[in-house]
Amino acid sequence: AAEEKTEFKLAWSIYVGWMPWGYLEDSGIMGKWADKYGIDVEIVQINDYVESINQYTAGAFDGVSATNMDTLSIPSGGGVDTTALIIGDYSNGNDAVILKGEGTLEDLKGASVNLVELSVSHYLLARGLDTVGLKESDLDSVINTSDADMIAAYATSDVKSVVTWNPLVSEITGSNPDATVLFDSSKIPGEILDLMVVNTETLADNPAFGKAVAGAWYEVMALMAAGDEATLTAMAEASGTDLAGYKAQLAATEMFFDPADAVAQTQSSALPTTMTNVAEFLFDKGILGEGAPSADFVGVEYPDGSISGDAGNVKFRFDATYMQMAADGAL
Amino acid sequence: MRLMNHFPGRPGAVALAMLPFVLVLAAYAIGSDIRLTANPADKLLPAPGTIWDTAIRLFTEPDRRSQEILLWNDTFASLARLLGGVAISALIAMIIGMAIGILPYARSGLSGFVAVLSMVPPLALLPILFIVFGLGEVSKVVLIVIGITPFMTRDLSQRVLDIPREQFVKAQTLGASTWVVALNVVLPQLLPRLISNVRLSLGSAWLFLIAAEAVASNVGLGYRIFLVRRYLAMDVILTYVIWITLLAFVVDWLLKTISRKAFPWLEAGL
Amino acid sequence: MRLMNHFPGRPGAVALAMLPFVLVLAAYAIGSDIRLTANPADKLLPAPGTIWDTAIRLFTEPDRRSQEILLWNDTFASLARLLGGVAISALIAMIIGMAIGILPYARSGLSGFVAVLSMVPPLALLPILFIVFGLGEVSKVVLIVIGITPFMTRDLSQRVLDIPREQFVKAQTLGASTWVVALNVVLPQLLPRLISNVRLSLGSAWLFLIAAEAVASNVGLGYRIFLVRRYLAMDVILTYVIWITLLAFVVDWLLKTISRKAFPWLEAGL
Amino acid sequence: MSFVEVSNVWQAYGDRSILERVNVAIEEGEFISIVGASGCGKSTFLRMLLAEETPTKGTIRIDGGEPAVEPNPERGVVFQRYSVFPHLTVRENLVAGEGFATFWGRLFGVQRRAAVERADEMLERIGLNHVADQFPASLSGGMQQRLAIGQALTAKPRVLLLDEPFGALDPGTRLRMHEFLQELRAETNMTVFMVTHDLEEGFKLGDRCLVFDKPRWDPHDPGRYGATITYDFDARNNGIPFQTTKETENVVHAATA
Amino acid sequence: MSFVEVSNVWQAYGDRSILERVNVAIEEGEFISIVGASGCGKSTFLRMLLAEETPTKGTIRIDGGEPAVEPNPERGVVFQRYSVFPHLTVRENLVAGEGFATFWGRLFGVQRRAAVERADEMLERIGLNHVADQFPASLSGGMQQRLAIGQALTAKPRVLLLDEPFGALDPGTRLRMHEFLQELRAETNMTVFMVTHDLEEGFKLGDRCLVFDKPRWDPHDPGRYGATITYDFDARNNGIPFQTTKETENVVHAATA
Ligand SMILES: Nc1ncnc2c1ncn2[C@@H]1O[C@H](COP(=O)(O)OP(=O)(O)OP(=O)(O)O)[C@@H](O)[C@H]1O
Ligand SMILES: Nc1ncnc2c1ncn2[C@@H]1O[C@H](COP(=O)(O)OP(=O)(O)OP(=O)(O)O)[C@@H](O)[C@H]1O
Ligand SMILES: [Mg+2]
Ligand SMILES: [Mg+2]
């Protein structure tokens, strides 16, 4: 139902790797690039991450910041053909399994864990348990806990371990000396990808949209890579922390400042394996919908044209075109 | 004839009563159809048939992992919390309300405080609740209690003050102590008010329950709705919404019936 | 003398009224002190002095980024949404309530529907609301409207039915049309009910507002609480909670005063 | 043809018969008292005269017109309570009486000023000019009923219907209301129907006194048969004197406390 | 010393004086009617007799005892309305009358059975045995007041206080209530105080009739002076006959509608 148009809307929510989106809008960099291509791009902040993806899925936005996992489950699982326009970073310690006191992953056996169920935290936990040969059913239970209340939850005596993401991780480890990180996303590099995904048809009909967004994004990436204080401070404050705090979070984030790195990640041969893992996890949790006959019910296409999952139902595409253009300086 | 003097006949009245429900259903069906035509995998407005299938599945098929029917587990967990919270609130409101209504000292000391308390937004205090009451069942029940008790107390104390003073004087001339007045004059007359009060508060109680379950839980109707929101399973959400509506309706109806049966003296007037 | 016949003197009554507030404050101060002694960096129960400093800062110091005082921005944004939502609800409830109360056809058609609607948990419908009404101001106002209108409508239609039928007949014998009855008999008598009704509903309206602001917003009291909840900035949260309580109290008091001033005939009886 | 013609009127709610075969003809200007046991259907009869209800059988015509289907300004009414509008001052209640027949339900400009003047005259007549700006709730019961009657008269009804208008008043006030009503009658010569519980009052004020009672009685099913007019007394000073009718009290079993 | 001694009683609310210098002595078994203009302080006087309020000055003693500080079983009371408990059946209302003085407020076992028996006797006496199991709301006003009086008597009070007990009843019922009260009096010879709006009623039932009025009047500040007993009539059949006291009506300006 997409056609050529000139006005586009992107949604984003607060997360260390997505703060540049807010800065793009505030600083006018997005506007500059949009003008260059004769279009208009509005970037809207939404508090509730899940709600922002839902909104995108329902068609209220042309693109949204999301992880590879949530993209697969919500828009792609919901039949909205979605393309990863930009791979911004992967979590490299930003997500962590935290235990109160000393211990190892094995100690989680028979324990209950607080996390945002069905989120990347849940996935991280599953991957962590894998490494020590445990399954989720070996736990006592997982308790769905709102990320907004995770810090308060950690402070209660009921809670023994949590899985969460930054800035909550640094908040917890920072103010609780006895907190032990059992497992974090640096152990599964490249599996939790933070993307900007857009509607495939919209992108196909409006290449200018892709170019403008990619151009603007990598201009800010360059500023960040150069350690531009003003830029970083603005992002830090917008995320409710200070420069030092934001830098600490960035340290646990593998930002692809250089578009070439992002292209490399997109073309990485590990990506299909990751996506298959993710799809299996989602299917196991029933997230792909009851109509999903198997874990590979949604097809995922990669830059080289290969497909994992159902080739007849490709709804998620990794496309390096625009990142490549940025890398080539062709924007 | 004036519009106000036109009465629908018996079948007309029934048809009219159904009409808005039919309209809403039709509007939904059309909206759903439009979206599904555009994108057959659309999750936002599933077809009524899909919802029906989902509902059947939710009510009858056990979960793969736990071999239990989640909907029933959720229902029992939520109802237990709801009724527990409401019962505790009712008890507290009853006692404080009676104290405020009967004892001038309690009135001076508590009525202002309760009025202020009833203005505090309880949701904002959740973090403190967690720390004090933990993340378990207690904090959910406590959120309900904190959420509805001040309002109930205010209302019940007003109801006590509405009891004609003549009855208090009469009871005293019959030798009743303060305690006997509370037990034999105020309490029985307050019970029907308590029930209508509970009926009024149940809406808020559901709200607080859903809010509490959304924050930290692993079973419950509110928990499930917020969980499946993560993948926009609107068929599940709508089934749960309709189910909650039905439960709320039944609870309300039960309370109304109890009130009518238990307090014949209220209706004896006409 | 019976306890119920003991009245506190004037100064005693004032002291008693202050007592529970003082006790809560003291309990908080002690709890805070214990936690801070154990861990000086504890954020959960900041010292009263810290809260005071934070409050002063929030009320007076502009945000560095926007050069605006966020608390006031939040307050104006939230109040605008709240009052907008409540005003729209009141209008709808008034019109439908009057229709149900006056017209037998509307009564047959709508009263069941409204009763069912009032049982639907609006929080569970949030995702749909946001899709249909977008993420702007509209959806927040709509959540309030959906949340409180059915209840208000039910109550107001009951109030219309409580108006003695005699007045309707009398008006007709004076030549009044249905429209004139609605405008000149029912409406003026319903207005004071509407105000007490709004006062009752404001608590829920705040709840829905805070819930809506938590999901999608970038300004507002509920948004700010939600935002800082992630960092457990209890000094900010508590300041906002107290501020909301105060606002709620003032709004309630204003409505009460308006009602008393505007409807002298209600009090003329005594 | 008589002014008010009640011909073969029946009224039943569900399968409970309340009134049956009620026939009566009333001349213009007559004052009709209606008495009868509690629950026998007096108010029901009045409601049918008012056209608030339509009879299940039979017709009621005023001045030979078509049977009315709803209350209209032809018929004024005063109930035991709630007959005035609590949200309007005493004067406004009277002005409203005229204004309600217009589209907006209120008068403006010249019309309004004229109505206020007429209202002030009426206030004088019903002795309420000193409380013109008070609200009904601050008036005594007797004053409220005087206002209700005055208000009913502003619409110039052809018949005035009173349902126990003085039932809630204390005896002294009641007596003064009798005087008031008799004075008003002397001035206007209205056709009046008045339901009362008080036989004495009925005979004192009425020209004719209709007694409602059940002529038939099924002990197994009390709701089976309805009441009708069993006696129709001439109650004028020069008719059957009051004393001799006292013995009907047993027939009527009226006024059971 | 008299049975009830009211000596130099004053009552004021804020700086509004309601009653002043009230002195009266009543013998055991007397029936005292109290009349006076609306708002003159009749109910206030009764409330002080009841010890619901204490006078700002002066004392009220019964049988030479200490002035009471709160209502107690020595004083029975019946108000115009709300004097019975709506949530108890007629019989339970009477049984409660005895039970309230116990710790739990209700009787058990033998005691209860005895109380029920006495209640049934009382029901017989007040003519309510046929509605023993109904709730007060389904009773007529007259029946409710009979119940209220019966209930007040179960506690065997030394004085019975009635505040316009028949004010809300219609005239027929009122007459029957007069008979009922007179019969009861004949049986028990209670000391009774009855406030009434109705002068006729006061003189009919009372042995003595106290008239409350303001002896002093400050036109600039109507609340300045309070009322007191301005007349104390002997109202017995063999005292001042009713007719000759009619002229006091102007003095009392009672019963202004
Ligand atoms: N709308 C109605 N539906 C069903 N029954 C009714 C209705 N209106 C009145 N009744 C019944 O009809 C009978 C007559 O009622 P009505 O009010 O006419 O009596 P009444 O003679 O005026 O009595 P009262 O002296 O108590 O006013 C009563 O038994 C009453 O219960
Ligand atoms: N608790 C009170 N506080 C202040 N004023 C009061 C109080 N109780 C009564 N009054 C005032 O005292 C005056 C006397 O009241 P009271 O009820 O004794 O009059 P009353 O003679 O019984 O009148 P009525 O015939 O209307 O019953 C009235 O003006 C009343 O407003
Ligand atoms: Mg009647
Ligand atoms: Mg009085």
Side-chain angles (χ1 to χ4, degrees), chain B residues 2-8 12-14 16-17 19-21 24 44-45 102-105 108-113 115-116 118-128 131 151 168 172 177-178 181 203-204 206-208 210-211 214 222 225 229 232 234 237 240-241 244-246 248-249 252, chain C residues 2-8 12-14 16-17 19-21 24 44-45 102-105 108-113 115-116 118-128 131 147 151 168 172 177-178 181 203-204 206-208 210-211 222 225 229 232 234 237 240-241 244-246 248-249 252:
Chain B
R2 293 179 186 92
L3 212 50
M4 61 188 284
N5 293 328
H6 278 280
F7 285 82
V14 173
L16 269 174
L19 189 66
F21 294 98
V24 167
L44 186 73
L45 300 182
I102 298 175
L103 305 177
Y105 268 87
S108 298
L110 291 175
S111 61
F113 186 60
V116 171
S118 70
M119 302 287 167
V120 175
L123 281 188
L125 293 177
L126 265 182
I128 298 185
I131 309 295
F151 169 78
F168 286 57
Q172 292 185 60
S177 62
T178 299
V181 168
S204 307
W206 274 107
L207 266 180
F208 289 116
I210 291 176
I225 287 181
R229 197 173 72 107
L232 208 64
M234 289 306 296
I237 293 184
Y240 269 74
V241 167
I244 291 176
T245 306
L246 203 74
F249 208 79
D252 187 66
Chain C
R2 293 178 186 93
L3 212 50
M4 61 190 283
N5 293 327
H6 278 281
F7 286 81
V14 173
L16 269 175
L19 188 64
F21 294 98
V24 166
L44 185 76
L45 301 181
I102 298 174
L103 305 176
Y105 268 85
S108 298
L110 291 175
S111 60
F113 186 62
V116 170
S118 69
M119 301 287 166
V120 175
L123 279 190
L125 292 177
L126 263 183
I128 302 187
I131 308 292
F151 169 78
F168 286 55
Q172 293 185 59
S177 62
T178 299
V181 168
S204 307
W206 274 107
L207 261 181
F208 291 119
I210 290 176
I225 287 180
R229 222 160 97 190
L232 208 65
M234 288 308 294
I237 294 184
Y240 270 74
V241 166
I244 291 176
T245 306
L246 202 75
F249 208 80
D252 187 67

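Quantities reported herein were computed from a predicted structural model and do not represent experimental measurements. Protein chains get the first letters and strands the later ones, always in sequence-line order, with residue 1 at the start of each.
Side-chain atoms of B:N5 and C:Q172, non-hydrogen and from C-beta on, do get closer than 4.5 Å to each other.
Here B:P121 is the residue among B:P121, B:A211, B:G203 with the most heavy-atom pairs under 4.5 Å with chain C. In terms of non-hydrogen atom pairs under 4.5 Å with chain C, the most contact-rich of B:V116, B:I244, B:L125, B:L110 is B:V116. Among C:V24, C:V120, C:L45, the residue making the largest number of heavy-atom pairs under 4.5 Å with chain B is C:V120. Each of B:P20, B:A13, B:A214 has some count of heavy-atom pairs under 4.5 Å with chain C, and the biggest count is that of B:P20.
For a residue to count as touching a neighbouring chain, one of its non-hydrogen atoms must lie under 4.5 Å from one of that chain's; by this rule C:L19 does not touch chain B. Interface remark: C:V14 contributes no atoms to any contact with chain B (heavy atom separation under 4.5 Å). For B:L207, the parts lying under 4.5 angstrom from a heavy atom of chain C are both the backbone and the side chain. Heavy-atom distances place the side chain of B:R229, and not its backbone, under 4.5 Å from chain C. Contacts between C:I102 and chain B at a heavy-atom distance below 4.5 Å involve backbone atoms as well as side-chain atoms. Heavy-atom distances place no part of C:Y240 under 4.5 Å from chain B, backbone and side chain included.
Legend: residues meeting ring-ring contact (aromatic ring centres under 6.0 Å, His included) with B:F21, ordered by chain and number and at least two apart, are C:F113. By the side chain to side chain contact (heavy atoms under 4.5 Å, CB included) test, B:A248 is found to be paired with B:W206, C:M119, residues two or more places apart in sequence or in another chain being considered.
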Worked verdict on C:L3 versus B:Y105 for side-chain contact (heavy atoms from CB on, under 4.5 Å): CA-CA 9 Å; C:L3 212 50; B:Y105 268 87; over 6 Å; no
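Counting only distance, with no hydrogens or angles, the side chain of C:S108 and the backbone of B:L16 share no donor-acceptor pair below 3.5 Å.
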